[in-house]
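Down below is the structure, laid out as structure tokens.
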Amino acid sequence: MVNFLVDLNDPVIKGYLINLVGEEGYKVVANMPEGEVTDEKIAQATGVLLNIVRRTLFILYENRLAGYRRERDTDSGWLTYLWKLDLSNLNRQLELEAKKLLKNLKTKLEYEKDKVFYICEKQDGRFLFEIAAEMEFKCRFCGGELVFEDNEPVIDALKQRIEKLEDLTSSSGAAA
Ligand SMILES: [Zn+2]
């Protein structure tokens with residue numbers, strides 16, 4: 001069972017899942033009974049409302065993190081959907097997410113390196129030099145003075161995040 005290899009408490013995995021299915025949805029994933037189960041059983045076992053369970057299962061299915069099998073009840077003729085988690089795609093999904101994020105961060109880094117910013121002394125606004133000049137260096141929100149911002153810390157923070165993500169994506173790429 002691949003599910004056991006996935007650490008649902010890992011902050012990256014947890015964050016990804018919460019982003020995908022919400023806090024309640026995460027509860028469904030974390031407390032999902034083993035084997036094939038109906039949505040009603042899942043709602044019972046997890047204490048999450050049935051409609052949220054259904055929504056969660058649908059999102060997981062769309063992202064290939066859950067599958068179902070239909071079974072017809074021989075007496076009633078009704079179809080029962082039996083659900084099962086399949087988190088084997090999770091690492092692949094995370095890798096794709098990380099690559100997307102990496103690209104955004106790199107774009108942001110170039111932007112930060114390229115531009116000059118002015119900030120409000122009261123910290124409620126941050127503006128490009130061109131915009132600040134147009135506003136005659138008065139804050140749009142409070143009227144306070146705008147001062148030059150040394151954005152080196154922003155750039156450093158971005159570089160660090162990029163470096164970490166690059167480590168992460170290259171190591172998972174090697175493992176795959
Ligand atoms: Zn201000």
Donor-acceptor pairs under 3.5 Å, side chain of residues 49-56 to any protein atom, not counting sequence neighbours: which ones?
| unit_1 | atom_1 | unit_2 | atom_2 | d |
| --- | --- | --- | --- | --- |
| Arg54 | NE | Asp39 | OD2 | 2.8 |
| Thr56 | OG1 | Ile52 | O | 2.7 |

Extract all donor-acceptor atom pairs below 3.5 Å that involve side chains of residues 134-149 and protein atoms in other chains or at least two apart in sequence.
| unit_1 | atom_1 | unit_2 | atom_2 | d |
| --- | --- | --- | --- | --- |
| Glu149 | OE1 | Arg126 | NE | 3.1 |
| Glu149 | OE1 | Arg126 | NH2 | 2.9 |
| Glu149 | OE2 | Arg126 | NE | 3.4 |

Using a 3.5 Å cut-off and no angle test, enumerate the donor-acceptor pairs between side-chain atoms of residues 96-111 and protein atoms at least two apart in sequence or in another chain.
| unit_1 | atom_1 | unit_2 | atom_2 | d |
| --- | --- | --- | --- | --- |
| Lys106 | NZ | Glu166 | OE2 | 3.0 |
| Thr107 | OG1 | Lys103 | O | 2.9 |

Between side-chain atoms of residues 16-26 and protein atoms elsewhere (two or more places apart, or another chain), which donor-acceptor pairs fall under 3.5 Å?
| unit_1 | atom_1 | unit_2 | atom_2 | d |
| --- | --- | --- | --- | --- |
| Glu24 | OE2 | Lys27 | NZ | 3.1 |
| Tyr26 | OH | Leu8 | O | 2.6 |

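Residue pairs meeting the ring pair (Phe, Tyr, Trp, His ring centres under 6.0 Å) criterion with at least one member in residues 35-67, sequence neighbours excluded: Tyr61-Tyr68. Pairs passing the salt bridge (Lys or Arg N to Asp or Glu O under 4.0 Å) check and including a residue from residues 58-70, sequence neighbours excluded, read Glu36-Arg69, Arg69-Glu71. Residue pairs meeting the ring pair (Phe, Tyr, Trp, His ring centres under 6.0 Å) criterion with at least one member in residues 28-54: none, sequence neighbours excluded.
Side-chain N or O atoms of Asn151 include one that pairs as donor or acceptor with a backbone N or O of Glu112 at under 3.5 Å.
Distance CD/Glu34 to CG/Leu85: 10.0 Å, rounded to 0.5 Å. Interatomic distance, Asp86 CG to Asn63 CG, rounded to the nearest 0.5 Å: 12.5 Å. Atoms CG and CD1, on Asp167 and Ile162 in that order, are 12.5 Å from each other to the nearest 0.5 Å. Remark: Glu163 CD to Leu165 CG distance equals 11.0 Å, nearest 0.5 Å.
Ile119 and Leu158 are assigned to two separate hydrophobic clusters, defined by single-linkage of ILVMFWY side chains at heavy-atom distances under 4.5 Å. Residue Val154 is not grouped with residue Leu128 when hydrophobic side chains (ILVMFWY) are merged at heavy-atom distances under 4.5 angstrom, including chains of intermediate members.
Closest approach of Val37 to Pro33, counting heavy atoms only: CG1-CB, 4.0 Å. Closest of all the heavy-atom pairs between Tyr118 and Ala132 is CB-CB, 3.8 Å.
Evaluation of the side chain to side chain donor-acceptor pair (under 3.5 Å) rule for Arg72 yields no partner, not counting sequence neighbours. Scanning for side chain to side chain contact (heavy atoms under 4.5 Å, CB included) contacts around Ser76 gives Asp73, Trp78, with sequence neighbours left out. When the side chain to side chain contact (heavy atoms under 4.5 Å, CB included) test is applied to Thr38, the partners found at least two apart in sequence or on another chain are Glu40, Lys41, Thr80, Leu82.
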Does the pair Leu57 and Ile42 meet the rule for a side-chain contact (heavy atoms from CB on, under 4.5 Å), with working shown? CA-CA 10 Å; Leu57 289 171; Ile42 298 167; 3.9 Å; yes
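Looking at heavy atoms from C-beta onward, Lys159 lies in side-chain contact with Lys113 at the 4.5 angstrom threshold.
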